[in-house]
Student: 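Sharing a structure with you now.
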There are 2 protein chains.
Amino acid sequence: MSPDLITRLKEAGIQPSAQRLAVAGYVLQTDAHPSADEVMSEVQANFPMLSRATVYNTLNLFVEKGLLRQLVLAEGKTVFDPCLEPHHHFIDEESGRIEDVPWDAVKVGDVKGLKGYEVHEYMVVMRGRKLGGSRMSKKR
Amino acid sequence: MSPDLITRLKEAGIQPSAQRLAVAGYVLQTDAHPSADEVMSEVQANFPMLSRATVYNTLNLFVEKGLLRQLVLAEGKTVFDPCLEPHHHFIDEESGRIEDVPWDAVKVGDVKGLKGYEVHEYMVVMRGRKLGGSRMSKKR
DNA sequence: GTCAAACTTTGGATTATGTCTAAATCCGAA
DNA sequence: TTCGGATTTAGACATAATCCAAAGTTTGAC
């Protein structure tokens, strides 16, 4: 899988490096919507030679090159989402966890036609409680 | 109009005070979606005896008592919106300005019925360019 | 292989946003 | 007037994120 990552970075116009691959290996393959801090902890577990500045540099670079999306949905935390397809978001009010909601799960009418605005992108942001799921909150 | 504000605060269970009224006079009657910092500057222009701590205390109190809604939509900034009706938001990508979009302007299908989730509230967040409107950006 | 230029990483300083605390102040009721 | 609770305040603290200049690494030309 590492070779794949190298290819993806190169295709995005990013020079691969050990640090960038380590970050990519986590953040491009998670659905956990991690914050910069969480990315740093996760990656440092296996790859300790990684500074905070590099984490921010790398995440910002990935966003700029279109490998990641940056979301600001909740209290003071910027999180990153590797899912590039348009989709919606659900925020669990108890845990703060963010989940992707498939585009087709929610029908939205005629946003692009809103007059007075040229809408480039949009999403539905939902807040509430996750049912049943029983996935215990792995808290930060 | 001041008497009205006093009444609103009291009805919300908030003891009026000079500082609280000054903050209310601005933040409850603007559609500018100000951040805490902007609230402080605006209010201090006419009412200099107001500390940063009080601005935060007051805004948080208003949110808690339901006079304001707190939104986290863009780049690390928490903003406040006195519009209590459900509505959507449009973010101008150039200026960063946030505008309210009436609930009925965008049809959203069947969110509450999303299975697996109990959705308490939701909104559509749109990004793009404001057309024509010619309202010049009164910059921060 | 060697070297220089360009790129990448780094720790620490810096900025920005927001919270906390303890002391001072204000205000209403007895 | 005095008491006690609520409110305000300055400044300390916490946290997220950026900036910076020095050090390390890679690359390609020779």
Side-chain angles (χ1 to χ4, degrees), chain A residues 5-6 9-10 12-27 33-44 46-65 67-80 96 98 139-140, chain B residues 5-6 9-10 12-27 33-44 46-65 67-80 96 98 139-140:
Chain A
L5 278 178
I6 291 177
L9 295 197
K10 280 185 178 161
I14 295 170
Q15 188 69 20
S17 75
Q19 284 84 347
R20 285 172 180 172
L21 282 170
V23 171
Y26 172 64
V27 81
H33 299 82
S35 66
D37 234 45
E38 283 158 355
V39 171
M40 184 160 68
S41 319
E42 288 291 331
V43 177
Q44 278 186 335
N46 307 317
F47 187 91
M49 46 305 204
L50 179 69
S51 75
R52 198 162 49 105
T54 299
V55 172
Y56 280 98
N57 286 345
T58 303
L59 291 173
N60 289 339
L61 182 66
F62 286 3
V63 168
E64 192 183 308
K65 297 297 189 179
L67 293 178
L68 275 185
R69 207 177 268 232
Q70 193 171 26
L71 302 174
V72 188
L73 296 175
E75 279 295 303
K77 258 192 180 172
T78 301
V79 303
F80 297 88
I98 298 169
K139 56 176 55 90
R140 54 182 279 39
Chain B
L5 278 178
I6 292 177
L9 295 198
K10 280 185 178 161
I14 295 170
Q15 186 69 20
S17 75
Q19 283 83 347
R20 286 172 180 171
L21 282 170
V23 172
Y26 172 64
V27 82
H33 300 82
S35 66
D37 234 43
E38 284 158 356
V39 171
M40 184 160 67
S41 319
E42 287 291 331
V43 177
Q44 278 186 334
N46 307 317
F47 186 90
M49 47 304 203
L50 179 71
S51 75
R52 198 162 56 105
T54 299
V55 173
Y56 279 98
N57 286 345
T58 303
L59 290 173
N60 289 339
L61 182 66
F62 286 3
V63 169
E64 192 184 309
K65 297 297 188 179
L67 293 178
L68 276 184
R69 208 176 268 231
Q70 193 172 24
L71 301 174
V72 187
L73 296 175
E75 281 296 305
K77 258 194 183 170
T78 301
V79 303
F80 297 88
I98 298 169
K139 55 178 51 99
R140 50 174 303 17

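All figures in this text were calculated on a predicted structure; none of them were measured in a lab. All chains are named by letter (A, B, ...) in the order of the sequence lines, taking the proteins before the strands, and each is independently numbered beginning at 1.
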Student: Over all heavy atoms of both residues, which pair between Tyr26(A) and Val43(A) is shortest? Give the atoms and the distance, please.
Tutor: CB-CG2, 3.9 Å
Student: List in chain and number order the residues that pass side-chain contact (heavy atoms from CB on, under 4.5 Å) with Ile98(A), two or more places apart in sequence or in another chain; answer none if no residue qualifies.
Tutor: His33(A), Leu73(A), Val79(A), His89(A), Ile91(A)
Student: Reading nucleotides 8-15 of chain C 5' to 3', which nucleotides get B (base under 4.0 Å from a protein heavy atom), which S (sugar-phosphate only), which -?
Tutor: SSBB-B--
Student: Would you list the pairs meeting side chain to side chain donor-acceptor pair (under 3.5 Å) in which at least one residue belongs to residues 54-63 of chain B, sequence neighbours left out?
Tutor: Ser51(B)-Thr54(B)
Student: Among all residues two or more places apart in sequence or in another chain, which pass the side-chain contact (heavy atoms from CB on, under 4.5 Å) test with Ala24(A)?
Tutor: Leu5(A), Leu9(A), Leu28(A), Phe62(A)
Student: Write down the distance between CG (Leu59(B)) and C1' (dT8(D)), rounded to a whole number of angstrom.
Tutor: 15 Å
Student: Check the distance between dT17(C)'s P and Leu71(B)'s CG and give it to me in whole angstrom.
Tutor: 17 Å
Student: To the nearest Å, how far apart are Lys77(B) NZ and dA16(C) P?
Tutor: 12 Å
Student: Holding to side-chain contact (heavy atoms from CB on, under 4.5 Å), I want the full list of residues that pass it with Glu64(A), two or more places apart in sequence or in another chain.
Tutor: none
Student: Spell out, as yes or no, whether a donor-acceptor pair under 3.5 Å connects the side chain of Gln44(A) to the backbone of Ser41(A).
Tutor: no
Student: What is the distance, rounded to the nearest whole Å, between atom CG of Leu21(A) and atom C1' of dT26(D)?
Tutor: 14 Å
Student: Report yes if at least one side-chain N or O of Thr78(A) is closer than 4.0 Å to OP1 or OP2 of dA16(D); otherwise report no.
Tutor: no
Student: Tell me: CD1 of Ile6(B) to P of dC27(C), nearest whole Å?
Tutor: 13 Å
Student: To the nearest Å, give me how far apart NZ (Lys10(A)) and P (dT26(D)) are.
Tutor: 14 Å
Student: Can a side chain N or O of Tyr56(A) be found less than 4.0 Å away from OP1 or OP2 on dT18(D)?
Tutor: no
Student: Could you give the CD-to-C1' distance, from Gln44(B) to dT8(D), as a whole number of Å?
Tutor: 13 Å
